[in-house]
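The next block holds one structure in the form of structure tokens; read it before the comments.
If you're wondering where the values come from, they're calculated on a predicted model, not measured in any experiment.
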Amino acid sequence: MSSMILTTAECLTLCREAALGAGAHDGAATALARATVAAEAAGNSAIGLGHFEFYLDALRAGRIDGRAEPAIERPLPSIFHVDARRGTAHYGYALVRDRLIAAVRTAGLGIFAQKNAFTCGALGYFAQQLAEAGLVALAATNGPALITAAGGRRPVYCTNPLAFAAPLGGDDTLLIDQSSSQTAYVKLRQAAERGESIPEGWAIDGRGRPTTDARAAIEGALLAFGGARGANIALMVEVLAAGLTGANWSLDAPSITQGPDSPQTGLFVLAVDPAAFGQGFAARLSDHAARLEAEGIHIPGRARRERVAAAGRDGMRVPRALVQRIAAFADPAP
């Protein structure tokens, strides 16, 4: 497969201009491009450029309203409640992030709660930004139903990921970003497109039977990790991301790949200022992380910094055909 090298700036320009061509206004296009390039630079191409086409298709089809201006309410000094109005998840967050950080510095904690948005891609992106500002953050989001729980035969939750981030000092952060399912839906979709099998325990088919056929799994449901424990976490995420925010429950969310309707999903982000509990948190956590690493324990997020630095220095290698498909959106047919 032919590939090419793009600098971070080139990748940002490519994505922003494609989003503008697909119908987004400047604020939405810029926020979406930044999140996409951040995922690509971190080595998560499945929800970087490889996922960006879904946003572009959704903009064209109307599943994302690229002209939407979020409505921002502040019911309490450190709580921001945002209605994305069927736009992207990223634009509403970008408008509020600095105000959220300032509120957390004053109150010790703060919450961003958003409803009526398209799905947000890399959830860790939102928590990571707060950790880089020295805060501890927990994020949760939902989407259309894709996974089932024990005893279920049809999807009832999305993959409902949780992300957690905390500062380790300097520009280093701890970052955990994982779904409630045995695997990410994007991996299942890619396996189905390539005609590949999937491991046992990942999914059931449309009749509720265990399957290793990725295409059959697309017609069925993903399984929660750890059985009932994973399903319980998916439900907790649902309560935070949909229940508190007022977004669609996963069972009620329209498809993100078909039709003209927004899934109207939710994003919940809790931020805590560790300085409220005393000084030296990042140093304590960094020292503890070093002890864990000495025991052979992987610290999530550490490798991300090196990948991002390498992307900034050497550029990112991406499939040429993918770049061409994305670039085509920048010049829509009359």
S78 and L109 have their tightest heavy-atom pair at CB-O, 3.2 Å

For L175, does its backbone N or O pair with a side-chain atom of T173 as donor and acceptor, under 3.5 Å?
no

Do T119 and F54 come close enough that some side-chain heavy atom pair is under 4.5 Å?
no

Nearest 0.5 angstrom please: L240 CG to L235 CG, how far?
10.0 Å

With side chains defined as the heavy atoms from C-beta onward, is the minimum distance between S250 and E238 less than 4.5 Å?
yes

Is the closest side-chain heavy-atom distance between I218 and Y185 below 4.5 Å?
yes

Residues pairing under side chain to side chain donor-acceptor pair (under 3.5 Å) where one sits in residues 294-310, two or more places apart or in two chains, turn out to be D171-R305, D172-R302, E293-R302

Answer with yes or no whether the hydrophobic clustering places F281 together with I299; edges join I, L, V, M, F, W, Y residues whose side-chain heavy atoms lie under 4.5 Å apart.
yes

Using atom types as modelled and distance alone, determine if a side-chain donor or acceptor of R215 lies under 3.5 Å from a backbone N or O of A192.
yes

Evaluate the side chain to side chain contact (heavy atoms under 4.5 Å, CB included) criterion for residues W249 and N142: first the C-alpha distance (whole Å), next the side-chain angles of each, then the deciding distance (0.1 Å), finally the verdict.
CA-CA 8 Å; W249 301 104; N142 75 321; 5.6 Å; no

State, yes or no, whether a side-chain contact exists between P300 and L174 at a heavy-atom distance under 4.5 Å.
yes

Mark yes when over 12 heavy atoms from residues, nucleotides or ligands other than R229 sit less than 6.0 Å from its CZ; otherwise mark no.
no

Check whether any side-chain heavy atom of S45 sits under 4.5 Å from a side-chain heavy atom of V318, and report yes or no.
no

Under the 4.5 Å side-chain heavy-atom rule for ILVMFWY, direct or indirect, which residues accompany F80?
I72, V82, Y91, Y93, L95, V96, L100, I101, V104, F112, L123, Y125, F126, L130, L135, L267, V269

Knowing that exactly one of T141, N160, T159 qualifies, which makes a side chain to side chain contact (heavy atoms under 4.5 Å, CB included) with V237?
N160

Measuring from atom CG of D314 to atom OG1 of T8, what distance do you get when rounded to the nearest 0.5 angstrom?
10.0 Å

Show your working on side chain to side chain contact (heavy atoms under 4.5 Å, CB included) between R85 and D65 and close with a plain yes or no.
CA-CA 8 Å; R85 292 178 168 171; D65 181 353; over 6 Å; no

If hydrophobic clusters are built from ILVMFWY residues whose side chains come within less than 4.5 Å, do F329 and L20 share one?
no

Any heavy-atom pair between the side chains of M4 and L322 that's under 4.5 Å?
no

Short side-chain to backbone donor-acceptor contact, S286 and A282, under 3.5 Å
no

Should K115 and H81 count as side-chain neighbours, where that means a heavy-atom distance under 4.5 Å?
yes

Atom pair CD (Q258) and CG (D57), whose distance is rounded to the nearest 0.5 Å:
11.5 Å

Just how far is it from atom CG of L188 to atom CD of E193, taken to the nearest 0.5 Å?
10.0 Å

According to a hydrophobic-cluster definition based on side-chain heavy atoms being under 4.5 Å apart (Ile, Leu, Val, Met, Phe, Trp, Tyr only), do I111 and V239 belong together?
no

Minimum heavy-atom distance between A89 and C120, given as atom pair plus value:
CB-CB, 3.6 Å

Quick check against the 3.5 Å criterion: does N116 have a side-chain atom that pairs as donor or acceptor with the backbone of D83?
no

Between OG1 on residue T265 and CD1 on residue I256, distance to nearest 0.5 Å
8.5 Å

Tell me if a side-chain donor or acceptor on Q264 pairs with a main-chain N or O of N248 at a distance below 3.5 Å.
no

Any donor-acceptor pair under 3.5 Å from H25 side chain to A68 backbone
yes

Determine whether R189 and H51 satisfy the following criterion, side chain to side chain contact (heavy atoms under 4.5 Å, CB included), listing intermediate values before the conclusion.
CA-CA 11 Å; R189 190 186 68 231; H51 191 67; 4.3 Å; yes

Heavy atoms from other residues, nucleotides or ligands near CD of E73 exceed 12 (cutoff 6.0 Å)
no

Give the cluster check for Y157 versus L146: same hydrophobic cluster or not, with ILVMFWY residues linked at side-chain heavy-atom distances below 4.5 Å.
yes

Please find the pair of heavy atoms, one from G121 and one from Y55, that lie closest to each other, and give the distance.
N-OH, 3.1 Å

Give a yes or no on whether R105 atom CZ has more than 12 heavy-atom contacts from other residues, nucleotides or ligands under 6.0 Å away.
yes

Does atom CZ of R154 have more than 12 heavy-atom neighbours, drawn from other residues, nucleotides or ligands, at distances under 6.0 Å?
no

Are I5 and L49 linked, directly or through intermediate hydrophobic residues, by side-chain heavy-atom contacts shorter than 4.5 Å (ILVMFWY only)?
no

Looking at side-chain heavy atoms only, is the closest gap between L138 and L162 below 4.5 Å?
yes

Of all heavy-atom pairs between A224 and G230, which one has the smallest distance, and what is that distance?
CB-C, 3.8 Å

Closest heavy-atom contact between P167 and A131?
CB-O, 3.6 Å

Contact summary for G92 and P70, nearest pair of heavy atoms:
CA-CG, 3.8 Å

With side chain to side chain contact (heavy atoms under 4.5 Å, CB included) as the criterion, how do T183 and F225 come out once you've worked through the C-alpha distance, each side chain's angles and the decisive distance to 0.1 Å?
CA-CA 8 Å; T183 188; F225 80 86; over 6 Å; no

Can you sort out the partners of H288 under ring-ring contact (aromatic ring centres under 6.0 Å, His included), two or more places apart, ordered by chain and number?
none

Rounded to the nearest 0.5 Å, how far does OG1 of T245 lie from CD of Q114?
8.5 Å

